[in-house]
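What you see is a predicted model; the values in this text were computed from it and never measured. Lettering of chains follows the sequences in order, A, B, ..., and the numbering in each one begins at 1. Every heavy atom of this structure was used, including side-chain atoms; hydrogens, water molecules and symmetry mates were not.
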2 protein chains.
Amino acid sequence: MSYRKKKVIPIGTVAELTGLSVRQIRYYEERKLVTPERTKGGTRKYSFEDVDILAEIANKMEDGMQTYEIRKMWEKEKEREALAQEKARKEMLQGQLNAHFNFHRLTDSRLSDPRLGDR
Amino acid sequence: MSYRKKKVIPIGTVAELTGLSVRQIRYYEERKLVTPERTKGGTRKYSFEDVDILAEIANKMEDGMQTYEIRKMWEKEKEREALAQEKARKEMLQGQLNAHFNFHRLTDSRLSDPRLGDR
DNA sequence: ACAAAAATGTTAGAAAATCTTACGTACTAT
DNA sequence: ATAGTACGTAAGATTTTCTAACATTTTTGT
């Protein structure tokens, strides 16, 4: 996994990196904006990605946005991305099918083309 | 700074990531193989780079190498790299000088070439 | 304007994680 | 044999984080 996604940073350090209070960071977890992992002992561990997300939250909050608005926004985003992904996937599949049948069409025409001898 | 170089990981997590004991990690610091930062409170913080270095140490130790051998090895490496850097730097500088004087040579010759008129 | 909800501070006590220091041990090299 | 290397382990202190609760401030909806 990438360094960006590995959950290794304790909450105090996250607070320093983002400028948020520890209280705020825990609260944003309660509102499902971040999902840290836990050690056996139960202490939270965040990733750099989480840090970036939290920094982004800090901005949106300054702009007067509410936590559930932020979450909703992200959910829409994810959905859009998922659709785009799906679309891309289908197109690629279609492309492969096309390539496949093209290959056969070419092969067949060549085989049945009297101008082309056996090789 | 890159995620790789930011010192944010506590020693327990480093131990998990590397499979080394906390004792070993502290010992390798004593032998100058890693240099974590500290929080105000005094707890160590490591980077992913440190984690990689420690993993590498673990291998060398398994091969029966001693800490000071490892350090010496790295110092030599650093030196070689520094020399290579220096060489590259000089070559680039020379390249720029060449380009510079080439430019003037071409310009001058054009200016003094009777076949080329004013524009 | 007022009540409810949201966002955050603060405090208290417990638990987890880390720190330093020191002593013990096994192995290696001289 | 002695000394150095590379750890393990233990003790006690300190730092960090945890949950839960209550308080305060800000925002929102009616």
Send over the distance from A/I25 CD1 to D/dT16 P, rounded to a whole Å.
-> 15 Å
Where along residues 31-50 of chain A does a heavy atom come under 4.0 Å from DNA chain D, residue by residue in number order?
-> A/R38, A/G42, A/T43, A/R44
For the pair made of CD in A/E29 and P in C/dA7, what is the distance, rounded to whole Å?
-> 15 Å
Quickly work out the A/M61 CE to D/dT28 P distance and round it to whole Å.
-> 10 Å
Considering just the side-chain nitrogens and oxygens of A/Y27, establish if one lies under 4.0 Å of OP1 or OP2 belonging to C/dT8.
-> no
If you measure only the distance, is there a donor-acceptor pair under 3.5 Å linking the side chains of B/Y27 and B/R31?
-> yes
5′-ward residue of the pair A/R23/A/G12 relative to DNA chain D | A/G12
Starting at atom CD of B/E69, determine the distance to atom P of D/dA6, rounded to an integer number of angstrom.
-> 9 Å
In whole angstroms, the gap separating C1' of C/dA7 from CG of A/L54 amounts to 15 Å
Below 4.0 Å: OP1/OP2 of C/dC19 and any side-chain N or O of B/R26 = yes
Distance below 4.0 Å between B/T67 side-chain N/O and D/dT5 OP1 or OP2 | no
Result of checking A/V51, A/V14, A/L54 against A/V34 for side-chain contact (heavy atoms from CB on, under 4.5 Å) | A/L54
Can you check whether A/T35's main-chain N or O pairs, donor with acceptor, with A/K7's side chain at less than 3.5 Å?
-> yes
Taking 4.0 angstrom as the limit, do A/E56 and A/K60 come out as a salt bridge?
-> yes
Using atom CD of A/E30 as one end and atom P of D/dA20 as the other, report the distance to the nearest whole Å.
-> 11 Å
Using a cut-off of under 3.5 Å, enumerate the N/O to N/O pairs linking the protein to nucleotides 25-30 of chain C.
none

Indicate yes or no: does A/E69 engage A/K72 in a salt bridge with an N to O separation below 4.0 Å.
-> no
State whether B/E16 and A/K45 are salt-bridged, where the test is any N-O pair (Lys NZ or Arg NE/NH1/NH2 against Asp/Glu carboxylate O) under 4.0 Å.
-> no
Does one side chain, of A/D50 or A/Y28, offer a donor that lies under 3.5 Å from an acceptor on the other?
-> no
Charged N to carboxylate O under 4.0 angstrom, A/K78 versus A/E75?
-> no
Side-chain donor or acceptor of B/K87 paired with backbone N/O of B/A82 under 3.5 Å | no
May I have the distance from B/I57 (atom CD1) to D/dT5 (atom C1'), rounded to whole angstrom?
-> 15 Å
Quick one: is D/dC7 close enough that its OP1 or OP2 comes under 4.0 Å of any side-chain N or O from B/Y28?
-> yes
Nearest-Å distance for atom pair NZ/C1', residues A/K60 and C/dA7 = 18 Å
Give the nucleotide from the list D/dC18, C/dG9, D/dG8 with an atom nearest to the side chain of A/I11.
-> D/dC18
